[in-house]
Structure formats: C-alpha cells, structure tokens
Amino acid sequence: MSEFVPSFDDKKIDKKWQDIWYNGTYFNAEDFSDKEKYYSLVEYPYPSGAGMHIGHIRAYLSLEVISRKRRMEGKNVLFPIGFDAFGLPTENYAIKNQIHPRIITDRNIKIFIQQLKATGFSFDFNRLVDTTDSEYYRWTQWIFLKLYEHGLVYKDIAYVNYCPSCQVILSNEESQGGKCDRCVSEVVQMEKKVWFLKITEYADKLLDGLNDLECNTRIKTEQQKWIGKSVGAYIYFPVKDTSERLKVFTTRADTIYGATFMVIAPEHPLLEEFSERIKNLDEVKAYQEKAKHKSEFERIELSKDKTGVLIKGINAINPLTNEVIPIFISDYVMITYGTGAIMAVPAHDTRDYDFARKYNLEIREVISGGNIEEEAYTDIKGGTLVNSSIIDGLEVKDAIIKITKFLEDNNLGEAAMQFKMKDWAFNRQRYWGEPIPIIYCEDCGVVPVPYEDLPVELPMVEKFMPSDTGESPLANIPEYVNCVCPKCNKPATRETDTMPQWAGSSWYFLRYLDPSNNQELASKEKLNYWGKVDWYNGGMEHVTRHLIYSRFWNHFLYDIGVVPNAEPYKKRTAQGMILGADNEKMSKSRGNVVNPQDIIDEYGADTLRTFVLFISDYEMSTPWSDSGVKGARRFLDKVWRLFPKVNDLNSYTKSLELIINKTIQGVEKDCETLKFNTAIAKMMTLTNEYNKQTQITRADYEVLLKILNPIAPHLCEELWNKLGHKELLVFEPYPEFDISKTVENDIPIVISVNGKVRDKIQITRDTAKVELEKIALSQKKIITFTEGKQIVKIIVVPNKLVNIVVK
RNA sequence: GCCGCCGUGGUGAAAUCGGUAGACACGAUGGAUUCAAAAUCCAUUGCUAGAGAUAGCGUGUCGGUUCAAGUCCGACCGGCGGUACCA
C-alpha cells in the first residue's frame with residue numbers, strides 16, 4: 001500500500017484495459033446464445049476527416065452505458081458500430097486533393113476506430129459495417145432491385161438545384177439561400193428525370209407502426225407531421241366548353257358553395273392542354289418562367305405577398321351550382337401536393353383570403369361565426385353552414401360528411417386522402433455513392449441488373465470530377481457506362497446516377513446481424529434470433545428522414561418475407577446537442593469545436609465519459625465547459641483514493657447500508673431513463689460519504705465499482721483487479737438493492753405556518769396524522785407564530801409536512 | 001406563421017403526485033498543509049439586512065387556482081430545435 005499514489009495514471013490504465021478488452025472477446029455478441037438477447041443501436045457515424053466530434057461521444061455514451069449494464073445483467077448484448085461512408089464531403093475532399101475517396105474513406109475509418117477504442121466503447125468491433133464496401137452495397141442494390149421488382153421504383157420528373165454557371169446539380173446543402181456554394185450565382189430549378197421510391201404507398205403503415213414505437217411524444221409527432229396525412233375529398237370541376245374536369249383536393253368539401261375562384265400551380269398540365277384557348281398566354285408563360293426561377297428560399301420569403309395571373313379564356317364550373325368561376329395560376333399552389341389545383345374559398349382559408357383581397361375577388365361567407373370583413377374564418381368547431389343549399393344549417397363536421405356523400409353519389413367527387421410525405425427522390429449525380437443497378441438497352445428499354453451480377457461496382461478511376469452537363473461523373477467513364485444488355489446481349493449503357501446518402505443507412509441495422517454473409521443480406525436464423533432493435537439512440541435531426549426511410553425499407557422487407565418484423569425498432573431516444581462554450585452550435589468557423597481526444601490526452605477516457613454524461617440532462621442541449629471536466633476527474637480520483645481505506649469485510653458497513661441501497665436504486669432508475677447526470681451525482685454523494693469513514697468494507701467499495709463501471713470502466717476494472725479479482729467486471733452481476741433498506745425510520749418533517757417553513761423536526765416514519773398535528777403545534781418556534789391567532793385549518797401530509805393556517 | 005422544448009445562484013445544473021427551491025459539480029473567498037506552488041483537506045458561498053440567532057425577498061414578466069406553485073391554468077416576453085403557402 002505504500003506505493004499508492006493519490007491520483008491514477010489514466011494513460012497506463014486506459015491502455016491496459018483497452019488491450020485486454022479489444023484483444024479478447026468480451027464485447028462480441030454471440031449468435032444463438034441461450035442468454036436473452038439485447039440489441040442496442042446507435043447511429044453509425046459519417047467518417048469525416050475531422051475525426052470524432054464531442055457530439056459523437058455523447059450520442060454513443062447512453063447506449064454504451066446501457067450495453068455495459070446489460071452485460072452485467074446477464075444479457076447477450078449486440079452493440080455494433082459501422083460507417084456511413086458514402087457522401088459529398090469525402091468526394092469534395094477527394095477532388096480538391098486528388099486522392100481517391102476509397103483511400104480517404106479507409107483512412108478516416110481507421111482514425112474513427114482508433115478514437116472509439118481510445119474512449120473505451122464496448123462496441124463489437126468484429127461486426128463493423130462499411131456502406132462503401134461492395135460486399136455491403138451489393139445488398140443495398142439488391143434491396144433496390146427487389147423494390148423495383150415489386151413496382152415501388154419509377155422514373156419521374158424532379159426539380160433539382162442547378163447552377164447554370166458551374167453547370168452542376170447541387171444538393172440542398174450546396175445551394176442554401178438560392179445561391180451556388182461554389183460561384184455564388186443564382187441556382188435555378190431544373191427538371192430532370194430521376195428515380196423515385198414509392199414510399200407513399202407505405203404512408204399508412206408507417207403511421208400506424210408508430211403505435212408500436214416507444215419514444216417521447218416529440219419524436220412521434222415529428223414523424224406524424226412529416227408523413228402528414230390529411231383526409232378530405234377530390235372534387236371535379238368541369239372546365240367550361242370542354243369535356244375535361246379539373247380535379248382538386250380539399251379537406252373542406254363543406255365550403256364548396258363559397259368557392260369563388262380556382263387556383264392551379266404554374267406547372268399544372270391544364271395550361272399545356274388548353275394553351276390555344278388561353279388569350280393571355282404570354283402573360284401566363286411569363287409567370288411560369290418567373291416561378292421556375294424562384295428558388296425555394298424566395299418562395300418562402302415572399303410567401304406573404306401572393307402573386308398570380310388570371311387565365312383568360314378558360315373557366316371552371318362549380319359542379320353543384322353550375323356557376324362559372326375564374327381560374328388563376330399562382331405559385332402558392334404546389335404541383336407536388338394534392339392535385340396541384342384548388343378550389344379557393346377566400347372566406348374560410350387565409351391563403352385564399354389574402355389572394356382574394358389582393359386581386360379584389362369575391363369573398364362569400366358560407367359558415368357563420370366569424371367576421372370575414374376582417375379575416376378568413378377557419379375554425380371548424382363553431383359555426384354553421386349558410387348560403388349552402390343542401391347543407392345549410394349543418395355543423396362543419398356533419399356538412400363534410402353529407403357533401404362528400406352527395407359528391408360521390410353524383411359522380412362529382414370522391415373521398416380522398418393526401419400525404420405531405422412525397423415519394424423519395426432516390427438519386428444523386430455523384431460518383432461516391434452506390435451505383436443504381438439499372439441498364440438501358442435500345443431494344444429492351446430499362447433492364448434491371450440481374451441479381452447474380454451484383455454488386456455493380458464503382459469503377460476505381462482517377463477521374464470522378466463532376467461533369468458540366470448536369471450528369472453524374474460516372475457518365476464520363478466509358479468503361480463503366482458501356483455494358484451489355486443482360487436480356488439481348490446487345491451493347492447497352494448503365495444508369496450513371498448513384499443512390500442518395502440515406503440508402504445505406506436504411507438497412508444497416510440488419511447487416512450487423514450477419515455482416516459477412518455473402519449469400520443473403522443476413523441469414524433467416526440470425527434475423528429471427530436477434531429480432532428487433534431493443535433500443536435505438538440517435539439525433540433528433542434523423543427522426544424524420546432516416547427513421548422513416550429505414551422503417552419503410554424494413555416494412556417492405558417484411559412484406560416480401562425477408563425480415564421477421566414489420567417495425568425494426570422497439571424504442572427510440574435522442575440525445576441533446578453539445579454546444580460550444582459560447583452557447584453556439586459547434587463549428588470550425590466559430591472556432592468553438594471541442595476535440596474529445598484533447599480531453600482524453602489530458603485526463604483520460606473515463607474523465608471524458610463521466611463529464612460528458614454529467615454535464616446536463618442527456619436529452620437537453622447544453623454548452624460545453626472546460627472547467628467542469630476537472631470536477632469529473634476529481635471525482636474519479638476520490639474513488640481511486642478510497643482504495644487504501646478498504647478492509648476485508650464482505651458486508652456493507654451498517655451505517656452506510658441505507659445510502660448504499662438508495663444509491664443502487666437511484667442509479668439504476670436514472671440510467672434507464674437517461675438521467676446520467678443525476679446518477680453520477682448520486683455516486684458522488686456516496687463517494688463523499690465513504691470518504692468521511694476511516695474504513696470502508698470490501699462490499700461497500702465493490703458495489704460502487706460495479707455501478708460506476710458502465711460509466712468509468714477503465715478505472716473500475718483497475719480497482720476491481722487491484723482488489724484481487726481474476727475475472728473482469730464486464731460480466732460481473734449488476735448489484736441489486738434491498739427495498740426495505742432504502743427507507744429511513746427517522747424522517748424530517750417540515751412544519752409551516754401559512755405556507756412558510758418555520759421549523760423542521762425528526763419524527764418516526766408513518767406517525768399518525770393526529771399525532772403529527774399535536775407535535776407540530778407544540779413546537780416552540782411554531783407557538784411564536786400561532787400565539788394569539790386563530791387556527792383556521794391544519795393540513796397534514798404524512799411523512800412530508802404539516803401546514804398550519806392561521807388568521 | 002405553426003408545432004415542440006426550454007427560461008432556476010457568478011457558472012453547468014437538481015427538484016416523483018403541487019409539499020424544505022438550488023442536490024451534485026464548477027468557480028470564488030478564507031483557513032490547513034508546503035520553503036513556495038500544484039495537488040489535497042476543512043469552512044463559507046441565492047440576494048438583502050444583521051456580529052449572530054434570525055427576518056424579508058427570490059425559479060423570464062403579469063395575472064389566476066390552491067392551505068401550499070419552479071411544478072397547474074391564462075396572457076405575454078426571450079432563446080433553441082423542427083417545419084414552411086400541404087389546400
């Protein structure tokens with residue numbers, strides 16, 4: 001004991017235990033083990049050149065703690081990690097520095113693995129997944145072909161951000177604010193035929209499936225809103241003097257008698273169809289052109305000031321009143337939602353109201369209860385239908401039902417549903433992505449690559465610069481483009497677009513179950529054994545897209561019999577962000593980025609882990625603080641310094657029994673509810689309590705090491721080892737608490753007068769109400785406040801307080 | 001605009017069901033130890049008054065409900081995140 005130093009050597013201890021863990025099989029998940037399985041999943045990182053961010057550490061630590069705890073609870077834990085390595089930053093870096101993305105990716109992945117290990121994460125590193133590995137994306141392509149086979153893939157026109165000066169298609173990130181990232185010129189919306197996945201076909205399933213997902217309401221509502229189901233009706237408005245009918249979608253069929261004009265999107269096909277009839281075609285064309293050049297940004301900015309053009313020469317007829325009504329084009333109606341056409345009811349829709357006011361159109365009230373002189377009356381709870389013929393006098397909800405029925409019966413419309421969610425534009429004009437396994441043949445048309453020819457590999461070429469035609473770089477690589485038609489063996493060409501970033505991450509959680517299977521994406525047996533992800537943690541920003549996309553793929557794979565569950569995840573949580581010390585989002589440009597490696601170098605991995613978990617509520621965002629790190633280290637040193645105080649007794653010190661049991665109970669609950677900050681606070685309190693003793697027992701100490709182990713495993717393993725244990729803490733049973741020893745016998749009771757605390761007394765637990773009242777009233781301090789006053793009321797909350805109300 | 005979260009000491013933050021506001025930590029001040037410093041240990045630390053016991057005030061603002069409000073209700077102000085004319 002004489003050589004005991006007052007502060008542990010983090011470098012030595014970190015290395016020692018990391019070597020033991022990672023050279024051993026401690027964290028390897030065992031397929032088909034008899035133990036109960038537990039699958040914890042964190043969102044795998046994009047291996048950027050900057051290395052790991054403090055945000056990664058926080059994101060992974062929750063389930064790191066849970067996974068280590070589950071192993072101690074006897075579970076067969078699968079806690080995998082991998083890399084979502086396709087993507088723009090790598091490609092851009094590659095172009096700039098003339099290094100192939102493959103080389104950069106491999107280099108970055110290596111750095112990430114090294115950093116993850118330096119932090120002591122208990123990932124199963126034998127199941128690494130890399131989405132850019134052709135043995136992985138072979139199955140991404142396979143799923144795409146399956147989707148194709150089942151009619152869920154189609155080609156259609158999409159509007160992409162195009163920079164006319166660079167002649168390059170830009171991602172949304174590269175064209176923020178409507179300006180090109182590279183040359184700052186205006187970005188235009190260009191039409192392009194691209195691949196779509198019919199995710200909308202799964203909209204209802206994805207909505208219903210949310211019932212089975214355990215998560216907070218925020219996560220649920222964000223997904224619900226993203227899917228955006230709305231129930232209403234299609235109504236057909238005949239186009240005057242033609243046999244065409246203009247189809248509109250509305251959720252307010254009840255307001256049809258108030259429709260005073262129609263609005264169609266600038267891209268609406270009606271304009272093309274009846275172009276000869278349009279008397280002001282030039283004006284219309286000019287408006288269409290203007291709308292095309294409006295970036296999304298501008299459309300939002302200008303949203304309050306509505307513009308439009310009256311189409312002269314074509315009119316619509318209200319199918320119920322036969323009234324002739326004008327048609328406008330305006331970009332406040334989107335071609336991408338509903339039918340791209342609306343019946344405008346200015347009296348009861350704010351957008352139509354604004355438009356009507358601007359162009360002096362009739363505003364006809366059909367629901368009483370508002371003041372349409374002032375604003376549109378959109379409330380659907382109050383109000384009765386007026387000026388509405390067959391639905392006059394009805395309430396809104398009844399009117400909707402009746403009018404929809406009437407429309408259906410008379411073939412003037414039908415009940416309908418719309419989703420805000422759009423089909424998934426599944427393409428990028430980039431090199432560094434999964435090739436889309438499609439071949440174009442002059443004779444056979446679009447031909448899917450046969451399954452046995454997968455993977456379609458990315459060519460390892462030196463030239464992967466963007467083309468100047470808005471096509472993918474792959475289009476410039478003849479040895480890639482030129483191929484043979486699998487059907488007729490004639491020369492053919494390959495699809496040159498690649499898949500979007502979200503492709504690989506839509507099924508990676510399945511590949512972890514069987515990462516090196518070259519026959520199937522994962523074996524049936526393993527899929528069945530591991531089942532659903534038990535707990536999935538990740539960023540709030542992925543709750544809409546990634547979560548929905550991956551649920552979609554999983555639902556599809558379930559429908560074709562590949563996976564055993566429709567829903568892939570049982571439970572989803574999300575961590576809060578760590579901001580810079582200046583309370584701003586961490587970014588290179590702000591210079592407030594914290595590199596976790598610096599903390600490890602200075603204080604060791606356990607300090608980093610402890611502090612990141614201690615900093616605040618896990619689900620809340622919080623600024624970084626350098627000074628707080630020291631506190632975490634100080635705490636761990638205190639635990640270390642307890643070691644010489646440990647005696648050989650194998651039971652808890654009597655006077656510590658209560659706090660030990662309470663701490664186990666509290667830490668257990670806090671960890672399971674992601675309240676790691678309070679869990680650590682409780683362990684700090686216990687440590688401070690131990691510190692006051694001249695001696696503590698081995699049992700006292702060991703229980704602390706066990707509950708602290710998931711958070712600070714290097715230190716705990718070291719101390720556990722120093723106590724003479726041969727086995728590691730990894731599978732040591734997690735401590736249990738004795739509920740009967742978590743409650744004190746003597747408890748403090750607060751006595752207040754008129755709600756103000758005036759005295760505190762110690763009393764035996766469960767003292768009767770009357771008794772408490774009597775004791776409270778007889779306290780000297782209390783008497784000074786009650787003397788000479790009338791006692792109106794006494795409230796007694798057993799084991800808590802007595803409140804005396806006086807006058 | 002809409003939806004959600006949040007607003008508590010000098011700082012990060014705690015606070016089951018409405019029941020002792022500020023646990024735990026950082027920082028600060030004073031002391032011990034040291035030749036000195038670091039580290040460590042002890043004490044104090046919401047604000048105001050007081051030597052002190054203690055008293056008054058105090059959870060973004062205003063109002064309400066209640067014996068009792070950080071917590072519930074209403075109106076507002078500020079910050080963050082999501083979303084964007086969704087018919």
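Among the atoms of the strands shown, only primed sugar atoms or phosphate atoms (P, OP1, OP2) are found under 4.0 Å from some heavy atom of A:Lys800.
Nucleotides B:rA38 and B:rU33 place their P atoms 15 Å apart, quoted to the nearest Å. Nucleotides B:rA53 and B:rC41 place their C1' atoms 30 Å apart, quoted to the nearest Å. B:rU83 and B:rG70 have their C1' atoms separated by 30 Å, with the value rounded to a whole Å. Look at the C1' atom in both B:rA23 and B:rC80: the space between them is 26 Å, to the nearest Å. Comparing B:rC73 with B:rA87, their C1' atoms are spaced 34 Å from each other, to the whole Å. Nucleotides B:rU8 and B:rC24 are separated by 15 Å at their C1' atoms, to the nearest Å.
A close approach under 4.0 Å does occur between a side-chain nitrogen or oxygen of A:Ser230 and OP1 or OP2 of B:rA87. Contact between the side-chain N/O atoms of A:Lys358 and the OP1/OP2 oxygens of B:rC85 is not found at any separation under 4.0 Å. One finds no side-chain N or O of A:Arg351 lying less than 4.0 angstrom from the OP1 or OP2 phosphate oxygen of B:rG1. At least one side-chain nitrogen or oxygen of A:Arg634 sits closer than 4.0 Å to the OP1 or OP2 atom of B:rG27. At B:rC67, one or more side-chain N or O atoms of A:Lys793 fall inside 4.0 Å of OP1 or OP2 (strictly under the cut-off).
Pairing partner, B:rA32: B:rU40, with both Watson-Crick or wobble hydrogen-bond distances short of 3.5 Å. The base-pairing partner of B:rC2, taking Watson-Crick or G-U wobble contacts with both distances under 3.5 Å, is B:rG82. In this entry B:rG56 has B:rC47 as its Watson-Crick or G-U wobble partner, both defining distances falling under 3.5 Å. The pairing partner recorded for B:rG63 is B:rC73, the criterion being a Watson-Crick or G-U wobble arrangement whose two distances lie under 3.5 angstrom.
One cannot find a donor-acceptor pair under 3.5 Å joining the base of B:rC24 and the side-chain atoms of A:Lys682. Counting atom types as modelled, A:Lys225 pairs no side-chain N or O with a base atom of B:rU83 as donor and acceptor under 3.5 Å.
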Exercise. Salt bridge (charged side-chain N to carboxylate O under 4.0 Å, His left out) between A:Asp617 and A:Lys675: does it pass, once the steps are laid out?
Worked result: CA-CA 6 Å; A:Asp617 186 307; A:Lys675 307 292 178 204; 3.0 Å; yes

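The nearest heavy atom of RNA chain B to A:Ile804 and to A:Pro623 marks one nucleotide each, and the one closer to the 5' end goes with A:Pro623. Both A:Pro6 and A:Phe419 sit near RNA chain B, but only A:Pro6 has its closest nucleotide nearer the 5' end.
With respect to A:Asp354 and A:Lys306, a salt bridge is recorded, a charged nitrogen being found less than 4.0 Å from a carboxylate O.
Look at B:rG9: its glycosidic torsion is within 90° of 0, and that puts it in the syn range.
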